[in-house]
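Only a predicted model underlies this, so the values are computations on that prediction, with no experimental measurement involved.
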Amino acid sequence: MAGSLLAPQGLAGTTASLDADLKEDRHPSRTKMVQAAPTEFTVSDVVGQAGQTIALGIRPQSVGSPEDLFAITGLPPEVKLSSGSPQDDIWLVRRKELTSLAILAPEAFSRRFQIAVTRVRTNEKPPLTLTASVTISAKPAGSGVFTSAGQPRPRAAYERSAGENALFDKARERFKTGDIAGARAIFEVLALKGDPDAAIAIGETYDPIVLGQLYVKGLQPDEAKAVAWYRKADELGDQRARTRLNALNQN
């Protein structure tokens, strides 16, 4: 996943000055003082299970630019973030990405560690650092398998209009011809309306198994996003979703 992330533009000199800022803000007394003061963002401790998307508890306040850069340090090498740009042992993300930011860890991973979240120095403000504890437990054997033991959810009563049918077919065609971004844009609109077929379809655009069969060069799969959309399809009652989830679990 990390390879598909684009470094934010305009970072010339940012990482160089950032190292000094991070060293300055790691001083215990300073960190404590900053955390006790009113802040432009908050962080909270996180507990989750490996192999799943674990939401980070970072909440920006309504101050600052959406393009403000934040540096996250302390992540083990095996752990990735759902957004941002990795720069050595630092992940850089923008303020607008914080609320949806998540941790991705391999299934066998189990550890407790601390991360530091630093709003990078701006022309108006000095850097600001807060810390949080992250606890990730290993995925129990067999816990990722979806079986039909429970009652299947009823399929969502969603009927596409004629126009939506045409859009769905157009998205399918784009997907087959390699226009993945165009296909996703259409599928997501329909999926968020409650269309189970669209939820399955957008999951396929991230599914490493499906993409491996298409032989699309340069396209990076994202298993965490595929799982999220297949779970959405399962909630909407699509019986194919559990089969796809099981396939990913065994891959």
Side-chain angles (χ1 to χ4, degrees), residues 1 4-5 46 48-49 51-60 66 80-84 94 96-104 107 139 143-214 216 219-251:
M1 182 200 69
S4 67
L5 297 171
V46 175
Q49 187 177 95
Q52 298 182 356
T53 301
I54 305 169
L56 274 175
I58 306 175
R59 296 290 177 265
K80 310 298 180 187
L81 296 181
S82 59
S83 299
R94 298 186 187 277
K96 63 186 180 183
E97 298 172 312
L98 291 179
T99 53
S100 60
L101 197 61
I103 287 179
L104 308 172
E107 292 182 2
K139 183 177 181 180
S143 64
V145 177
F146 285 75
T147 68
S148 57
Q151 288 293 328
R153 293 181 175 90
R155 185 176 171 85
Y158 184 84
E159 294 186 10
R160 295 190 210 108
S161 65
E164 288 173 336
N165 273 325
L167 276 176
F168 187 89
D169 292 341
K170 183 177 182 180
R172 275 292 191 197
E173 191 60 32
R174 287 187 175 185
F175 183 46
K176 292 176 182 177
T177 58
D179 181 8
I180 308 301
R184 283 175 182 162
I186 297 174
F187 286 143
E188 185 167 353
V189 169
L190 295 173
L192 293 176
K193 287 184 176 182
D195 186 339
D197 293 325
I200 281 283
I202 194 171
E204 290 175 344
T205 70
Y206 293 105
D207 192 326
I209 298 174
V210 175
L211 296 181
Q213 296 168 347
L214 291 178
V216 180
L219 183 65
Q220 295 295 321
D222 191 326
E223 185 170 331
K225 289 184 179 179
V227 167
W229 282 106
Y230 287 155
R231 288 181 185 275
K232 175 68 173 177
D234 182 55
E235 291 172 2
L236 294 172
D238 194 307
Q239 302 305 305
R240 297 168 295 175
R242 298 188 183 190
T243 300
R244 300 294 175 83
L245 286 164
N246 283 336
L248 285 176
N249 185 63
Q250 296 166 11
N251 186 37

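- Using a 4.5 Å cut-off on side-chain heavy atoms (C-beta onward), Leu101 and Ser82 make contact.
- Within the model, atoms OG of Ser83 and CZ of Arg94 stand 12.0 Å from one another, a figure rounded to the nearest 0.5 Å.
- The closest donor-acceptor contact from the side chain of Asn246 to the backbone of Arg242 lies under 3.5 Å.
- Residues Asp238 and Lys232 are not paired through a salt bridge, judged by the lack of any N-O separation under 4.0 Å between the basic side chain and the carboxylate.
- How far OG1 of Thr99 is from CD1 of Ile58: 10.0 Å, rounded to the nearest 0.5 Å.
- A salt bridge (charged side-chain N to carboxylate O under 4.0 Å, His left out) with Glu204 is found for one member of Arg240, Lys176, Arg172 and no other, namely Arg172.
- Here the straight-line distance linking atom CG of Asp234 with atom CD of Gln239 works out to 7.5 Å at 0.5 Å rounding.
- Annotation: cation-pi pair Arg184/Tyr206 present, NZ/CZ under 6.0 Å from the ring centroid and within 45° of its normal.
- The CG atom of Asn165 sits 5.0 Å away from atom CZ of Arg160, with the distance rounded to the nearest 0.5 Å.
- Side-chain contact between Glu188 and Trp229 is present, with heavy atoms from C-beta onward closer than 4.5 Å.
- From Ile186, atom CD1 reaches atom CZ of Arg174 across 4.5 Å, with rounding to the nearest 0.5 Å.
- The distance from atom CG of Asp195 to atom CD1 of Ile202, rounded to the nearest 0.5 Å, is 11.5 Å.
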